[in-house]
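Single-structure report; data block below.
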Amino acid sequence: QVQLVESGGGLVQPGGSLTLSCAASGFTSDDHAIGWFRHVPGKEREGVLCINTHDGSLYYADSAKGRFSISLDRAENTVYLQMNNLRPEDTAVYYCAADARCSIVPIWARPGSPTRDFEYWGQGTQVTVSS
């Protein structure tokens with residue numbers, strides 16, 4: 001049973017930084033995808049960043065480019081989301097999720113390919129950017 005546990009959320013001022021952690025367990029191989037998504041009440045959940053663990057390939061949302069980065073610690077089975085220059089519009093509940101490949105979700109899918117949601121999800125961690 002795959003389990004994902006996020007941590008590291010909190011309150012940060014605009015322009016500040018925050019690092020979220022996603023501790024993963026239960027995978028039967030190291031060939032999968034770990035993605036970070038965020039959700040604001042009243043809006044659709046959106047993808048932020050994703051990594052395919054078999055080759056380290058990265059997928060970004062436009063909102064994350066230049067400010068957010070993702071890294072994988074294979075020894076600790078943990079994926080980190082480093083967020084810099086945070087803005088009030090980054091306020092959301094952040095989730096990590098896992099499945100086979102990043103490209104199965106619409107934001108990162110190849111045109112015309114079938115898409116679906118990630119299968120495994122953490123409980124989420126709140127990030128609030130406010131002065």
Side-chain angles (χ1 to χ4, degrees):
Q1 180 74 16
V2 173
Q3 290 189 327
L4 305 167
V5 179
E6 303 99 333
S7 61
L11 173 64
V12 62
Q13 292 186 340
S17 298
L18 206 59
T19 301
L20 306 183
S21 302
C22 174
S25 62
F27 290 109
T28 57
S29 76
D30 60 0
D31 182 4
H32 47 268
I34 301 286
W36 283 97
F37 299 79
R38 65 187 184 186
H39 182 241
V40 176
K43 296 184 177 181
E44 287 193 4
R45 186 177 60 211
E46 62 173 347
V48 178
L49 260 171
C50 188
I51 181 169
N52 285 326
T53 62
H54 75 287
D55 64 1
S57 55
L58 302 177
Y59 294 75
Y60 291 82
D62 288 343
S63 59
K65 291 177 181 177
R67 299 189 301 129
F68 295 2
S69 62
I70 191 171
S71 60
L72 170 64
D73 185 332
R74 293 184 184 276
E76 296 295 328
N77 291 322
T78 299
V79 174
Y80 299 94
L81 178 67
Q82 174 68 42
M83 303 184 292
N84 299 319
N85 191 21
L86 283 161
R87 305 164 180 164
E89 54 264 40
D90 294 317
T91 295
V93 178
Y94 284 71
Y95 298 88
C96 69
D99 211 301
R101 289 289 183 268
C102 298
S103 57
I104 66 171
V105 292
I107 184 175
W108 295 307
R110 298 179 185 85
S113 62
T115 61
R116 59 178 175 81
D117 209 357
F118 269 37
E119 183 173 1
Y120 303 103
W121 291 84
Q123 81 286 354
T125 185
Q126 176 71 45
V127 172
T128 302
V129 184
S130 175
S131 54

| message | Among residues at least two apart in sequence or on other chains, which ones pass side chain to side chain contact (heavy atoms under 4.5 Å, CB included) with Asp31? | response | Ser29, His54, Arg101
| request: Can you sort out the partners of Asp55 under salt bridge (charged side-chain N to carboxylate O under 4.0 Å, His left out), two or more places apart, ordered by chain and number? | output: none
| query | Restricting to pairs with a member in residues 44-73, which pass disulfide (SG to SG under 2.5 Å), not counting sequence neighbours? | reply | Cys50-Cys102
| field | Residues forming a side chain to side chain donor-acceptor pair (under 3.5 Å) with Ser7, sequence neighbours excluded | value | none
| note | Smallest heavy-atom separation, Tyr59 atom then Ser103 atom, equals OH-CB, 4.5 Å
| said: If the condition is salt bridge (charged side-chain N to carboxylate O under 4.0 Å, His left out), which residues does Asp90 pass it with, not counting sequence neighbours? | reply: Arg38, Arg67
| request: Rounded to the nearest 0.5 Å, what's the gap from CD on Glu44 to CD1 on Ile107? Could you check? | output: 11.5 Å
| said: Among residues at least two apart in sequence or on other chains, which ones pass ring-ring contact (aromatic ring centres under 6.0 Å, His included) with Tyr95? | reply: none
| said: Counting only heavy atoms not in Gln123 (residues, nucleotides, ligands), do more than 12 fall under 6.0 Å from its CD? | reply: yes
| request: Could you note down all residue pairs passing salt bridge (Lys or Arg N to Asp or Glu O under 4.0 Å) where residues 69-83 supplies at least one of them, sequence neighbours left out? | output: none
| said: On a heavy-atom basis, which atom in Pro14 and which in Ser130 lie closest, and how many Å separate them? | reply: CD-C, 3.6 Å
| query | By side chain to side chain contact (heavy atoms under 4.5 Å, CB included), which residues pair with Thr115, not counting sequence neighbours? | reply | Pro106, Ala109
| query | How long is the span from the CD atom in Gln126 to the OG1 atom in Thr91, to the nearest 0.5 Å? | reply | 7.0 Å
| remark: Sequence neighbours excluded, the answer for salt bridge (charged side-chain N to carboxylate O under 4.0 Å, His left out) partners of Arg116 is Asp99
| query | Which residues, ordered by chain and number, are linked to Leu20 in its hydrophobic cluster, where ILVMFWY side chains connect at heavy-atom gaps below 4.5 Å, directly or through other members? | reply | Val2, Leu4, Val12, Leu18, Phe27, Ile34, Trp36, Val48, Leu49, Ile51, Leu58, Tyr60, Phe68, Ile70, Leu72, Val79, Leu81, Met83, Leu86, Tyr94, Tyr120, Val127, Val129
| request: Could you tell me which non-hydrogen atom of Ser17 sits nearest to which non-hydrogen atom of Asn84, and how far apart they are? | output: OG-OD1, 2.9 Å
| remark: Those residues at least two apart in sequence (or on a different chain) that pass side chain to side chain contact (heavy atoms under 4.5 Å, CB included) with Thr19 are Tyr80, Gln82
| request: Any pair with a residue in residues 2-44 that passes disulfide (SG to SG under 2.5 Å), sequence neighbours left out, goes on the list, sorted by first then second residue, please. | output: Cys22-Cys96
